[in-house]
Amino acid sequence: MKVILLENLKRIGSIGEIIDVKRGFARNFLIANKKALYASKENIKEVEKIKNELSKKDNEKKQDAKKVAEKVNKKEYSVKKLSTENNELYGSVKPTEISKLIFEESKLDIKPSMIQPLKEIKSLGKFKVKISLHSEVDAEIIINVTSADSIQ
């Protein structure tokens, strides 16, 4: 299925580009999140007209992402979890939990879908976590998992 991109997307394409993607990806993600339009003749003409506007909006998003990246990059966040004697966690630290942690400490609203742990956080220690803030802006934080002694 052919669609026209309304945003720069990592590994997919740039604004105004007409790409061929699977029908489900187009309908359920790109079009549902207003990242693309069906590639009809009318839509192609429409996107050509508003291409400059879309580029400006994308640059604004990129600048906002850079500001957020400056605030969180290389920052360390601590989380206490119950663990076994082998330092393994009961459960793991998920992106939703990391998102809440960042919001509580830095007052920054980062969606869990932007958070990508480099490896699953299933034990005590320090873990690097990548945050994709924009198609061209990434930040990296450190999650320090310590042991919580007992459940209150």
Side-chain angles (χ1 to χ4, degrees), residues 1 3-17 19-38 47 50-152:
M1 167 179 270
V3 293
I4 312 163
L5 293 177
L6 300 175
E7 279 183 26
N8 286 330
L9 297 171
K10 199 183 251 180
R11 295 190 205 107
I12 298 172
S14 56
I15 294 174
E17 209 174 304
I19 57 167
D20 210 359
V21 293
K22 292 193 174 173
R23 191 175 298 275
F25 181 62
R27 236 181 310 160
N28 300 331
F29 178 72
L30 294 175
I31 294 168
N33 293 323
K34 296 183 175 42
K35 295 180 185 292
L37 290 171
Y38 290 110
V47 169
I50 59 172
K51 205 172 190 177
N52 290 334
E53 250 178 73
L54 293 171
S55 292
K56 284 179 191 170
K57 282 183 187 175
D58 191 58
N59 282 335
E60 286 171 19
K61 283 182 186 177
K62 187 175 173 180
Q63 295 306 320
D64 292 343
K66 281 183 180 175
K67 287 176 189 169
V68 171
E70 286 172 17
K71 290 178 185 174
V72 298
N73 205 20
K74 304 291 182 216
K75 198 164 179 195
E76 192 171 305
Y77 295 91
S78 294
V79 63
K80 287 186 183 275
K81 295 289 255 176
L82 288 174
S83 62
T84 65
E85 288 119 30
N86 303 351
N87 292 338
E88 291 175 358
L89 300 180
Y90 292 109
S92 62
V93 180
K94 302 277 186 220
T96 49
E97 198 172 342
I98 296 170
S99 176
K100 286 177 188 171
L101 197 67
I102 293 170
F103 184 75
E104 287 168 9
E105 286 190 31
S106 303
K107 300 294 180 242
L108 296 169
D109 193 20
I110 295 175
K111 293 184 183 98
S113 60
M114 298 170 150
I115 299 170
Q116 302 157 340
L118 299 179
K119 63 178 186 178
E120 276 194 281
I121 303 174
K122 290 185 169 186
S123 61
L124 299 179
K126 291 185 180 186
F127 298 88
K128 286 185 178 182
V129 176
K130 187 177 144 193
I131 302 174
S132 295
L133 299 165
H134 183 270
S135 63
E136 298 169 24
V137 181
D138 290 335
E140 197 174 87
I141 61 170
I142 296 166
I143 300 295
N144 186 13
V145 184
T146 54
S147 180
D149 297 330
S150 61
I151 301 173
Q152 259 73 34

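All values reported here derive from a predicted model rather than from experimental measurement.
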*asked:* Can you give me the closest heavy-atom contact between I141 and V72, atom names plus distance?
replied: CG2-O, 3.2 Å
*Which residues share a salt bridge (charged side-chain N to carboxylate O under 4.0 Å, His left out) with E7, sequence neighbours left out*: K35, K61
*Heavy atoms, side chains only, cut-off 4.5 Å: are L82 and L89 in contact?*
no
_Test item: V47 and L37 side chains (from C-beta on) under 4.5 Å apart, heavy atoms_ = yes
*Closest non-hydrogen atom pair between A139 and L133, with its separation*: CB-CD1, 4.1 Å
*asked:* Any heavy-atom pair between the side chains of Y38 and R27 that's under 4.5 Å?
replied: yes
*Considering all heavy atoms of both residues, which atom of V137 and which atom of A69 are nearest to each other, and what is their separation?*
CG1-CB, 3.9 Å
*With sequence neighbours excluded, tell me which residues meet side-chain hydrogen bond (donor to acceptor under 3.5 Å, both in side chains) with K62.*
E136
*Do side-chain atoms of K34 reach the backbone of I31 as a donor and acceptor pair under 3.5 angstrom?*
no
*Please report the shortest heavy-atom distance between S83 and S147, naming the atom on each side.*
OG-OG, 3.3 Å
_Side chain to side chain, I15 and L5, heavy atoms closer than 4.5 Å_ = no
*Mind checking the OG-CD1 spacing from S78 to I143? Nearest 0.5 Å is all I need.*
8.5 Å
*asked:* Could you tell me if the side chain of Y90 sits less than 4.5 Å from the side chain of T84, heavy atoms only?
replied: yes
*If every non-hydrogen atom of S92 is compared with every non-hydrogen atom of K81, which pair is closest and at what distance?*
O-NZ, 4.0 Å
*Do the non-hydrogen side-chain atoms of V79 and V93 ever get within less than 4.5 Å of each other?*
yes
Enumerate donor-acceptor pairs with a distance under 3.5 Å from any side-chain N or O in residues 124-132 to protein atoms, sequence neighbours excluded.
from	atom 1	to	atom 2	distance (Å)
K126	NZ	E76	OE1	3.4
S132	OG	Q116	OE1	3.4
S132	OG	D138	OD1	3.4

_Main-chain N/O of S14 paired with E17 side-chain donor or acceptor, under 3.5 Å_ = yes
*Rounded to the nearest 0.5 Å, how far does NE2 of H134 lie from CG of L9?*
9.0 Å
*Identify the two heavy atoms, one from M114 and one from I110, that lie closest to each other, and give their separation to 0.1 Å.*
SD-CG2, 3.9 Å
*Rounded to the nearest 0.5 Å, what's the gap from CD1 on I98 to OG1 on T96? Could you check?*
8.5 Å
*With E105, which residues qualify under salt bridge (charged side-chain N to carboxylate O under 4.0 Å, His left out), at least two apart?*
none
*Separation of E85 CD from E88 CD (nearest 0.5 Å)*: 10.5 Å
*Do E140 and K74 have side-chain heavy atoms sitting under 4.5 Å apart?*
yes
*Please examine the side chains of I115 and S99, heavy atoms only from C-beta on, and report whether any two atoms are closer than 4.5 Å.*
yes
*How many angstroms lie between CG in L101 and OG in S106, if you round to the nearest 0.5 Å?*
8.5 Å
_Spatial distance of atom CD (Q63) from atom CD (E60) [nearest 0.5 Å]_ = 9.0 Å
_For K71, side-chain hydrogen bond (donor to acceptor under 3.5 Å, both in side chains) partners two or more places apart_ = none
*asked:* If we ignore hydrogens and angles and just use 3.5 Å, is the side chain of D20 paired with the main-chain N or O of M1 as donor and acceptor?
replied: yes
*asked:* Test of understanding: with ring-ring contact (aromatic ring centres under 6.0 Å, His included), list the residues that count as partners of F25, not counting sequence neighbours.
replied: F29
